[in-house]
S.K.: 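I have a structure here, written as structure tokens, and I will follow up with some questions on it.
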Amino acid sequence: RKEFVDLHVNYVFNESIREPFEDFMQGFLRGCPARKWKMFLPAELQIVLQGLAKYDWHLLGKNVRYSQYKQSDRTIRNFWTVFHELPEEKKKMFLAFLSGCPRISGYALEYFTFCIADPQLGNPDEMYPYANTCSLILFLPR
């Protein structure tokens, strides 16, 4: 029985996927040569490929630039109050809304900056917040 189980496990996890995995590996290594990846430790490589998983959200707030706003404006204070009360998953959803991705890439959070701008509309109550993901600008009506 042990030999049968060992052979079956080997087939399922190794032999049955050998050919598709080799095709994948060949394509992956064509775009990302293995010699360049060897300089990373496994944990570092995970951050490079997946981005950071945990964030210091207060640091994110310190790196924001404001356009037509001041940090002391009521709209900005309310925004950060609500933001810090959100659960972790909703904060990541905000990152996805702002940047198009729920994670910040491999460089440290202290270098991630974005702008909160006032779209200066006639009636801000009729407008929802929107984002320019390419420029990392959150347009937040007053």
Side-chain angles (χ1 to χ4, degrees), residues 1-121 124-142:
R1 279 189 252 170
K2 182 181 178 340
E3 181 182 5
F4 173 77
V5 170
D6 289 344
L7 289 172
H8 182 71
V9 168
N10 183 50
Y11 174 75
V12 170
F13 289 110
N14 297 317
E15 300 301 323
S16 67
I17 62 164
R18 184 176 311 281
E19 190 174 326
F21 180 75
E22 286 176 0
D23 292 342
F24 165 77
M25 186 173 66
Q26 182 181 6
F28 182 81
L29 293 177
R30 191 176 316 144
C32 303
R35 65 184 177 277
K36 297 201 180 197
W37 297 106
K38 289 183 180 180
M39 71 173 133
F40 295 108
L41 296 171
E44 294 170 331
L45 184 58
Q46 183 176 5
I47 290 172
V48 168
L49 295 175
Q50 293 182 337
L52 297 172
K54 296 192 176 199
Y55 307 108
D56 176 0
W57 297 108
H58 292 283
L59 182 59
L60 180 71
K62 291 178 183 173
N63 293 340
V64 175
R65 294 175 289 113
Y66 299 100
S67 179
Q68 292 94 29
Y69 274 121
K70 294 180 193 143
Q71 190 172 1
S72 60
D73 286 343
R74 184 176 180 162
T75 303
I76 298 300
R77 289 192 329 263
N78 289 343
F79 171 80
W80 287 113
T81 299
V82 170
F83 180 82
H84 289 302
E85 290 175 0
L86 293 173
E88 188 76 11
E89 206 51 44
K90 295 283 186 178
K91 290 176 183 175
K92 289 181 180 181
M93 288 173 71
F94 169 76
L95 277 181
F97 175 73
L98 175 67
S99 67
C101 181
R103 291 180 178 242
I104 295 175
S105 59
Y107 57 87
L109 181 62
E110 62 244 16
Y111 300 116
F112 183 83
T113 61
F114 69 98
C115 179
I116 297 178
D118 182 359
Q120 297 183 329
L121 303 168
D125 290 335
E126 294 178 1
M127 190 71 180
Y128 291 111
Y130 62 97
N132 180 327
T133 57
C134 296
S135 302
L136 295 175
I137 300 173
L138 173 66
F139 292 97
L140 185 66
R142 290 187 181 267

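Just so it is clear, the model here is predicted, and its values are computed rather than measured. All heavy atoms count here, side chains included; hydrogens, waters and symmetry mates do not.
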S.K.: Could you tell me the separation between the CD atom of Gln68 and the CG atom of Leu140, rounded to the nearest 0.5 Å?
M.R.: 12.0 Å
S.K.: Quick check on the 6.0 Å ring-centre criterion: do Phe79 and Phe94 meet it?
M.R.: yes
S.K.: Of all the heavy-atom pairs spanning Pro20 and Ile17, show the shortest one and how long it is.
M.R.: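 That closest heavy-atom pairing would be CD-O, 3.3 Å.
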S.K.: Quick one: pull up CZ in Phe24 and CD in Glu19 and give me the separation to the nearest 0.5 Å.
M.R.: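 If we round to the nearest 0.5 Å, Phe24:CZ and Glu19:CD are 15.5 Å apart.
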S.K.: Shortest non-hydrogen contact from Tyr69 to Thr75?
M.R.: OH-CG2, 3.4 Å
S.K.: Rounded to the nearest 0.5 Å, how far does OG1 of Thr113 lie from CZ of Arg65?
M.R.: 5.0 Å
S.K.: Supply the atom-to-atom distance Arg18 CZ to Met25 CE, rounded to the nearest 0.5 angstrom.
M.R.: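 Between atom CZ of Arg18 and atom CE of Met25 there are 10.0 Å.
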S.K.: Which atom names give the shortest non-hydrogen contact between Phe97 and Tyr130, and what distance separates them?
M.R.: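 The pair with the smallest heavy-atom distance is CZ-CA, 3.6 Å.
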S.K.: Could you tell me if the side chain of Leu60 sits less than 4.5 Å from the side chain of Phe114, heavy atoms only?
M.R.: yes
S.K.: Heavy-atom distance under 4.5 Å between the side chains of Val64 and Trp80, does that happen here?
M.R.: yes
S.K.: Decide if atom OH of Tyr11 counts as having more than 12 heavy atoms of other residues, nucleotides or ligands within a radius under 6.0 Å.
M.R.: no
S.K.: Does atom CD of Glu15 have more than 12 heavy-atom neighbours from other groups under 6.0 Å away?
M.R.: yes
S.K.: If you round to the nearest 0.5 Å, how far is CG of Leu138 from OG1 of Thr133?
M.R.: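 Thr133 atom OG1 to Leu138 atom CG measures 12.0 Å (nearest 0.5 Å).
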S.K.: Residues in side chain to side chain donor-acceptor pair (under 3.5 Å) with Glu88, at least two apart?
M.R.: Trp57
S.K.: For atom CE of Met93, is the number of surrounding heavy atoms from other residues, nucleotides or ligands below 6.0 Å larger than 12?
M.R.: no
S.K.: Which heavy-atom pair separates Leu136 from Ser99 by the least distance, and what is that distance?
M.R.: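 Closest heavy-atom pair between Leu136 and Ser99: CD2-CB, 3.5 Å.
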S.K.: For Asp6, enumerate each residue passing the side chain to side chain donor-acceptor pair (under 3.5 Å) test, keeping only those at least two apart in sequence or located in another chain.
M.R.: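 With neighbours one apart ignored, the set is Lys2.
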S.K.: Between Tyr66 and Cys115, what is the shortest heavy-atom contact and its length?
M.R.: C-SG, 4.4 Å
S.K.: Donor-acceptor pair, distance only, cut-off 3.5 Å: does the side chain of Asn132 make one with the backbone of Ser135?
M.R.: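 Checking the backbone N and O of Ser135 against the side chain of Asn132, a donor-acceptor pair under 3.5 Å is found.
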S.K.: Can you find a pair of side-chain heavy atoms, one from Gln120 and one from Arg142, that are under 4.5 Å apart?
M.R.: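 In short, these two side chains do not touch, never coming nearer than 4.5 Å.
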S.K.: Give me the atom names and distance for the closest heavy-atom approach of Arg77 to Gln71.
M.R.: CG-O, 4.0 Å
